[in-house]
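What you see below is based on every heavy atom in this structure, not just the backbone, and it leaves out hydrogens, waters and symmetry mates. First listed ligand is number 1; within each ligand, the first listed atom is number 1. Here, residue 1 is the first one in the sequence, and each next residue gets the next number.
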Amino acid sequence: MHIKRHAIAPSLLAADFLNLAAEAEMVNNSEADLLHLDVMDGRFVPNISFGLPVIRDINKVCTKPLDVHLMIVEPEKYISDFRNAGADIITVHYEACPHLHRTIQQIKETGAQAGVALNPHTPVALLEDILEDVDLVCLMSVNPGFGGQKFIYQTLLKISKLKSMIIERNLHARIEIDGGVGLQNAQKILEAGADILVAGSSVFKSESPTDSISRLKAIGSEVFEV
Ligand code: DX5
Ligand code: ZN
């Protein structure tokens, strides 16, 4: 699977859980590039969301690649389970992986793309020795655990720094921004160097989720037209 630049990944966390099939259908019929799925364990983050059975069922109806964000401790125990459930991208947290290199290889061995996520306080410089092994870096622009939080603007600086590291070394890793992303800040985030925008509330809680996805996508086209 090729991850496009300027991709939009709606986050199912903000969807109506009583109507997941309809929500997945909306995503299928939209310009979304990926579907972002937030798995929380109540240990790595102070919240519990959903897990394997939900992802397995979403995979039956969703035609977009599944971007699974594991906010769990000991993610290495469940990599193949998430892959078998349908994950196309599996992202683990830097802060949850003492043997990150091994975990990243483990993800790749399943055939999924491998991502690493950083909490807001974790510097991008810590990725120096793993950057060439990952397909995606997810920079958290809120403290993970909940949807609907305010974007932390310091993230813009982290995006630029990470982009320089990737360009200088001619690497292929994509930069994904997760948390508080919406129409009000998408342009700045893309201009700083982001490739993938995760958007939960700004899509699913909006009047027309399909339109919101199209509008986010259009901002990407505008930024990169010049
Ligand atoms: C937060 C999650 C995000 C969340 C984003 O821990 O990782 O993916 O769904 O939600 P919004 O876009 O509402 O901030
Ligand atoms: Zn997420």
Side-chain angles (χ1 to χ4, degrees), residues 3 7-17 20 23-24 26-27 30 32-51 54-55 58 62 64-73 75 82 87-97 107 112-122 134-156 158-159 174-190 194-207 209 212-213 215-217 219:
I3 310 177
I8 304 300
S11 170
L12 198 74
L13 190 66
D16 176 0
F17 285 4
L20 284 183
E23 299 282 49
M26 179 286 289
V27 173
S30 76
D33 300 279
L34 306 165
L35 178 60
H36 187 84
L37 298 163
D38 289 306
V39 179
M40 303 179 183
D41 66 352
R43 293 184 64 206
F44 181 69
V45 288
N47 195 11
I48 299 175
S49 57
F50 50 78
V54 171
I55 295 180
I58 288 289
C62 188
K64 309 277 178 172
L66 303 185
D67 172 28
V68 175
H69 177 192
L70 297 181
M71 283 162 276
I72 64 175
V73 298
F82 281 103
D88 294 287
I89 305 170
I90 300 177
T91 297
V92 293
H93 266 263
Y94 178 90
E95 302 84 3
C97 296
I107 296 172
Q113 299 218 2
V116 60
L118 298 188
N119 279 340
H121 73 279
T122 306
V134 299
D135 300 299
L136 178 153
V137 177
C138 174
L139 296 182
M140 292 306 304
S141 37
V142 297
N143 285 293
F146 303 92
Q149 302 182 79
K150 203 168 159 290
F151 183 84
I152 297 172
Y153 269 86
Q154 172 72 11
T155 314
L156 293 177
K158 289 176 81 175
I159 301 173
R174 298 286 196 250
I175 303 177
E176 177 178 72
I177 304 304
D178 188 6
V181 177
L183 291 166
Q184 76 289 357
N185 55 15
Q187 181 168 345
K188 277 201 168 67
I189 297 169
L190 290 167
D195 302 300
I196 306 165
L197 302 182
V198 176
S201 323
S202 67
V203 165
F204 285 99
K205 308 286 191 217
S206 70
E207 219 167 277
S212 302
I213 294 169
R215 290 170 71 189
L216 285 168
K217 195 74 190 164
I219 293 173

Asker: Need the ligand 1 atom indices (1-based, order shown) with element for anything under 4.0 Å from a heavy-atom of Met40.
Answerer: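 Selected atoms, number and element: 6 (O).
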Asker: Using only atom types and a distance under 3.5 Å, with no angle test, would you say the side chain of Lys205 pairs donor to acceptor with the backbone of Ala14?
Answerer: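 Yes; judged by distance alone, with no hydrogens or angles, the pair exists.
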Asker: Kindly say whether Ile196 contributes a backbone atom to a donor-acceptor pair with the side chain of Glu176 at under 3.5 angstrom?
Answerer: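 Absent.
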Asker: Are the side chain of Asp38 and the backbone N or O of His69 linked by a donor-acceptor pair below 3.5 Å?
Answerer: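 Judged by distance alone, no pair lies under 3.5 Å.
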Asker: Suppose I only count heavy atoms of Ser201 and a 4.0 Å limit; which atoms of ligand 1 are within that range?
Answerer: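 Going through ligand 1 atom by atom, the ones under 4.0 Å from Ser201 are 11 (P), 12 (O), 13 (O).
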Asker: May I ask you to list the atoms of ligand 1 that are less than 4.0 angstrom from any heavy atom of Gly179?
Answerer: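 Checking each atom against Gly179, I get 14 (O).
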Asker: What residue and atom, counting heavy atoms only, is the protein's closest point to atom 1 (C) of ligand 1, and at what distance?
Answerer: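 Ranked first by proximity to atom 1 (C) of ligand 1 is Phe146 O, 3.5 Å.
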Asker: Provide the atom name of the closest N, O or S atom of Asp178 relative to the Zn ion (ligand 2).
Answerer: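 The Asp178 atom nearest to the Zn ion (ligand 2), restricting to N, O or S, is OD2.
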Asker: Using only atom types and a distance under 3.5 Å, with no angle test, would you say the side chain of Asp41 pairs donor to acceptor with the backbone of Phe44?
Answerer: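 At least one qualifying donor-acceptor pair exists.
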Asker: For atom 6 (O) of ligand 1, what is the closest protein heavy atom, and at what distance to 0.1 Å?
Answerer: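 Protein heavy atom at minimum distance: Gly145 N, 2.8 Å.
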Asker: May I ask you to check whether His69 has an N/O atom sitting below 3.5 Å from an N/O atom of ligand 1?
Answerer: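 There is such a contact, yes.
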Asker: Give the atom numbers and elements of ligand 1 that come within less than 4.0 Å of a heavy atom of Pro144.
Answerer: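 That gives atoms 6 (O) of ligand 1.
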Asker: Test your reading of the structure: does Ser202 have an N or O sitting under 3.5 Å from an N or O of ligand 1?
Answerer: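 There is no such contact.
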Asker: If you have a sec, work out which protein heavy atom is nearest atom 14 (O) of ligand 1 and how many Å separate them, to one decimal?
Answerer: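 For atom 14 (O) of ligand 1, the nearest protein heavy atom comes out as Gly180 N, 2.8 Å.
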Asker: What's the shortest heavy-atom distance between Ile213 and Ala32, and which atoms?
Answerer: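 Nearest pair, atom of Ile213 first, then Ala32: CG2-N, 3.4 Å.
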Asker: Do Val198 and ligand 1 have an N or O pair less than 3.5 Å apart?
Answerer: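 Not met; the criterion fails.
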Asker: Considering Gly148, Gly200, Gly182, which one's heavy-atom position lies nearest to atom 12 (O) of ligand 1?
Answerer: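 Considering heavy atoms of Gly148, Gly200, Gly182, the nearest to atom 12 (O) of ligand 1 sits in Gly200.
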Asker: Can you name the nearest heavy-atom pair linking Ala96 to Ile72, along with the distance?
Answerer: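 Scanning both residues completely, I find the closest heavy atoms to be CB-O, 3.5 Å.
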Asker: If you check every N/O/S atom of His36, which is the one nearest the Zn ion (ligand 2)?
Answerer: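 Minimum-distance N/O/S atom of His36 relative to the Zn ion (ligand 2) is NE2.
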Asker: Out of all atoms in ligand 1, which are within 4.0 Å of some heavy atom of Gly147? Include the element for each.
Answerer: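 Those qualifying, in numeric order: 10 (O), 13 (O).
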Asker: So, is His69 placed with an N/O/S atom under 2.8 Å from the Zn ion (ligand 2), counting both backbone and side chain?
Answerer: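 It does; at least one qualifying atom falls short of 2.8 Å.
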Asker: Pro144 and Val45: which non-hydrogen atoms are nearest, and at how many Å?
Answerer: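 Looks like O-CG1, 3.5 Å.
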Asker: Side chains of Pro209 and Ser206: closer than 4.5 Å at any heavy-atom pair?
Answerer: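 Contact flag for Pro209/Ser206 side chains = yes.
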Asker: Just wondering, more than 12 heavy atoms not from Lys64 lying within 6.0 Å of its NZ?
Answerer: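 More than 12 within 6.0 Å, yes.
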Asker: At a 4.0 Å threshold, what atoms of ligand 1 neighbour a non-hydrogen atom of His36?
Answerer: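 Close to His36: 8 (O).
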Asker: Hey, are the side chains of Phe82 and Ile107 touching, using non-hydrogen atoms and a 4.5 Å cut-off?
Answerer: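 Heavy-atom side-chain distance check fails, nothing below 4.5 Å.
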Asker: Which atoms from ligand 1 have a heavy atom of Asp178 less than 4.0 Å away?
Answerer: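 Answer, ordered by atom number: 2 (C), 3 (C), 4 (C), 5 (C), 7 (O), 8 (O).
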Asker: I'd like to know if Ala14 contacts ligand 1, where contact means a heavy-atom distance under 4.0 Å to any ligand atom.
Answerer: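 Ala14: no contact with ligand 1 (<4.0 Å).
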Asker: Quick one: are His36 and Leu34 in side-chain contact, heavy atoms under 4.5 Å?
Answerer: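 Side-chain contact under 4.5 Å: no.
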Asker: How far is atom 4 (C) of ligand 1 from its nearest protein heavy atom, and which residue and atom is that?
Answerer: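 Ranking protein heavy atoms by distance from atom 4 (C) of ligand 1, first comes Asp38 OD2, 3.6 Å.
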Asker: Is any side-chain heavy atom of Asn119 closer than 4.5 Å to a side-chain heavy atom of His93?
Answerer: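 Contact flag for Asn119/His93 side chains = yes.
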Asker: Identify, by atom number and element, the atoms of ligand 1 in contact range of Met140, meaning under 4.0 Å from any of its heavy atoms.
Answerer: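 Every atom of ligand 1 under 4.0 Å from some heavy atom of Met140: 7 (O).
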Asker: Suppose we only allow N, O or S atoms; which atom of Asp38 ends up nearest to the Zn ion (ligand 2)?
Answerer: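 For Asp38, the N, O or S atom at the smallest distance from the Zn ion (ligand 2) is OD1.
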Asker: Identify every side-chain donor-acceptor pair in residues 147-156 under 3.5 Å, counting partners at least two apart or on other chains, and give the distances.
Answerer:
{"from": "Gln149", "atom 1": "NE2", "to": "Asn143", "atom 2": "O", "distance (Å)": "2.8"}
{"from": "Gln149", "atom 1": "NE2", "to": "Phe146", "atom 2": "O", "distance (Å)": "3.0"}
{"from": "Thr155", "atom 1": "OG1", "to": "Ile152", "atom 2": "O", "distance (Å)": "2.5"}

Asker: Looking only at distance, does Leu13 have an N or O less than 3.5 Å from an N or O of ligand 1?
Answerer: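 In fact, backbone or side chain, Leu13 has no N or O that close.
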